[in-house]
Protein chains: 2
Amino acid sequence: MEGPHTRAVTSYRAGVEYNVFARACPSRPLLEHVTGRWGGLTLGALVDGPLRFNELRRRVDGISEKMLSQTLQALERDGLVHRDAQPTTPPRVDYSLTPLGRETAERLLALIHLLMERMPEVEAAQRAYDAR
Amino acid sequence: MEGPHTRAVTSYRAGVEYNVFARACPSRPLLEHVTGRWGGLTLGALVDGPLRFNELRRRVDGISEKMLSQTLQALERDGLVHRDAQPTTPPRVDYSLTPLGRETAERLLALIHLLMERMPEVEAAQRAYDAR
DNA sequence: CGGGATCCCTGCCGATACTG
DNA sequence: CAGTATCGGCAGGGATCCCG
């Protein structure tokens with residue numbers, strides 16, 4: 001665990017060093033919420049502004065009601081998503097990003113954008129690998 | 001599917017629009033390799049320089065031989081990791097990042113670094129959520 | 001519309017054993 | 001050392017039903 005970059009993924013708090021590479025690091029669950037199968041896409045879908053439950057569901061193609069619900073709950077608990085429920089009939093619930101959620105989504109989109117741009121390069125690498 | 005940010009996660013190639021939010025987008029598997037449970041940590045571990053199989057295994061705490069092997073194969077096929085095998089006895093294999101792998105790892109570390117820094121904020125949000 | 005509860009199954013992943 | 005092969009569990013997640 002040395003070098004300038006690995007130091008960049010550790011941080012001190014109350015005298016305890018947190019290290020993402022360690023199995024027991026408390027940031028692991030958060031990282032999994034953000035980078036998990038649906039977390040990133042859900043955050044990304046909210047970057048353009050608040051959305052309601054079923055709007056979100058249509059944007060994130062392929063997600064089930066249950067998984068969207070679970071994903072949103074986890075992200076809300078982590079303080080990345082704000083949930084605004086109005087007790088009307090029919091109920092109306094708006095989901096939006098918190099400031100931290102927005103910063104997270106932006107870095108995530110920077111990653112996604114890079115991968116999208118380089119897909120031709122990736123597909124070429126895959127063909128070369130498979131040809132062997 | 002509108003707005004400046006969603007446009008940022010689509011790209012054109014050969015007249016076809018790729019959209020990460022779509023279930024069938026060919027970049028989904030790539031995204032899952034990179035942001036999956038072990039992909040990101042493996043890429044992150046290689047940022048400081050080449051590592052051998054068991055060095056990598058010790059760095060990425062908790063990964064099994066099987067998962068490290070599978071993860072490296074997927075990342076190699078995607079063109080993010082370079083594998084250099086020397087046919088000596090005992091065998092020596094070095095893993096390193098390709099240029100694209102390095103760019104990817106840097107954006108990933110930017111995300112991880114943000115989350116690490118803000119862990120106190122996240123933990124406070126979790127306590128507030130659980131208190132309800 | 002916005003979810004919660006339940007059922008069920010797939011496939012992810014860990015453990016173990018073996019090879020060159 | 002650097003892996004591959006095989007087995008099995010159990011939990012992630014999809015489908016469905018239901019309610020306010």
Side-chain angles (χ1 to χ4, degrees), chain A residues 21-24 28-43 45-46 49-78 81-96 129-130 132, chain B residues 21-24 28-42 45-46 50-78 81-96 129-130 132:
Chain A
F21 291 101
R23 183 175 7 205
R28 278 263 184 117
L30 172 63
L31 187 59
E32 283 173 18
H33 295 160
V34 170
T35 64
R37 179 144 182 222
W38 301 115
L41 295 172
T42 303
L43 287 173
L46 285 171
L51 287 176
R52 301 175 61 181
F53 189 83
N54 278 318
E55 289 173 339
L56 215 33
R57 195 155 126 64
R58 278 185 293 274
R59 286 234 183 175
V60 184
D61 191 28
I63 194 171
S64 67
E65 292 184 2
K66 178 179 149 188
M67 291 319 298
L68 179 57
S69 182
Q70 283 183 9
T71 301
L72 286 169
Q73 280 178 33
L75 294 176
E76 186 195 357
R77 194 177 101 94
D78 292 336
V81 160
H82 173 67
R83 180 190 140 110
D84 181 21
Q86 281 146 15
T88 60
T89 53
R92 178 188 177 100
V93 183
D94 284 281
Y95 291 94
S96 57
Y129 184 94
D130 294 341
R132 272 187 332 154
Chain B
F21 291 102
R23 180 176 7 202
R28 278 261 185 118
L30 172 64
L31 187 59
E32 283 172 19
H33 295 160
V34 170
T35 64
R37 182 151 180 216
W38 301 114
L41 295 172
T42 303
L46 286 172
L51 289 175
R52 302 175 60 181
F53 189 84
N54 278 317
E55 289 174 339
L56 216 32
R57 194 155 126 64
R58 278 187 292 274
R59 285 235 183 175
V60 183
D61 190 27
I63 196 170
S64 66
E65 291 186 2
K66 180 178 147 186
M67 291 318 297
L68 179 56
S69 180
Q70 284 182 11
T71 301
L72 286 170
Q73 280 178 33
L75 294 176
E76 185 194 358
R77 193 178 101 94
D78 293 336
V81 161
H82 173 67
R83 181 191 138 109
D84 182 21
Q86 283 147 14
T88 58
T89 53
R92 177 188 177 103
V93 182
D94 284 282
Y95 292 94
S96 56
Y129 184 95
D130 294 341
R132 272 188 332 154

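Throughout, protein chains are lettered first and strands after them, A, B, ... in sequence-line order, and every chain is numbered starting at 1. What you see is a predicted model; the values in this text were computed from it and never measured. All values below come from the heavy atoms of this structure, side chains included, with hydrogens, waters and symmetry mates left out.
At distances below 3.5 Å, not a single donor-acceptor pair connects side-chain atoms of B:Ser69 with backbone N or O atoms of B:Glu65. No side-chain donor-acceptor contact under 3.5 Å links B:Asp61 to the backbone of A:Ala22.
B:Tyr95 places none of its side-chain heavy atoms less than 4.5 Å from the side chain of B:Glu76. Side-chain contact between A:Leu68 and A:Val60: absent, with no pair of heavy atoms (C-beta onward) separated by less than 4.5 Å. Using a 4.5 Å cut-off on side-chain heavy atoms (C-beta onward), B:Arg77 and A:Asp130 make contact. The shortest side-chain heavy-atom distance between A:Leu41 and B:Arg28 falls under the 4.5 Å cut-off. Residues B:Thr35 and A:Val34 fail the side-chain proximity criterion, which asks for heavy atoms closer than 4.5 Å.
The distance between atom CZ of B:Arg57 and atom P of D:dG3, rounded to the nearest whole Å, is 12 Å. Rounded to a whole Å, the CZ atom of A:Phe53 is 15 Å from the C1' atom of D:dG20. Here the P atom of nucleotide D:dA2 and the CG atom of B:Asp94 are 8 Å apart, to the nearest Å. Remark: P of C:dG2 and CD of A:Glu76 are 15 Å apart, rounded to the nearest angstrom. Going from atom CG of B:Leu68 over to atom P of D:dC1 covers 14 Å, rounded to whole Å. The CG atom of A:Leu56 sits 10 Å away from the P atom of C:dG3 (whole-angstrom rounding). Per the geometry, CG belonging to B:Asn54 stands 5 Å off P belonging to D:dA2, to the nearest Å. Taking atom CG of B:Leu51 as the reference point, atom C1' of D:dG3 lies 17 Å away to the nearest angstrom.
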Per-nucleotide protein contact string for nucleotides 4-20 of chain C (B base, S sugar-phosphate only, - none; heavy atom under 4.0 Å): B-BB-----BBB----B
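Between A:Arg52 and the phosphate of C:dG2, there is a side-chain N or O to OP1/OP2 separation shorter than 4.0 Å. Of the side-chain N and O atoms in B:Tyr95, one or more sit less than 4.0 angstrom from OP1 or OP2 of D:dG3.
Geometrically, B:Arg57 does not engage B:Phe53 in a cation-pi contact defined by less than 6.0 Å to the ring centre and at most 45° from the axis.
The two residues A:Leu72 and A:Val81 have their closest heavy-atom pair at CD2-CG1, 4.4 Å.
The end-to-end axis angle of the helix from C:dC1-D:dG20 to C:dG20-D:dC1, rounded to 10 degrees and based on five pairs per end, is 50°.
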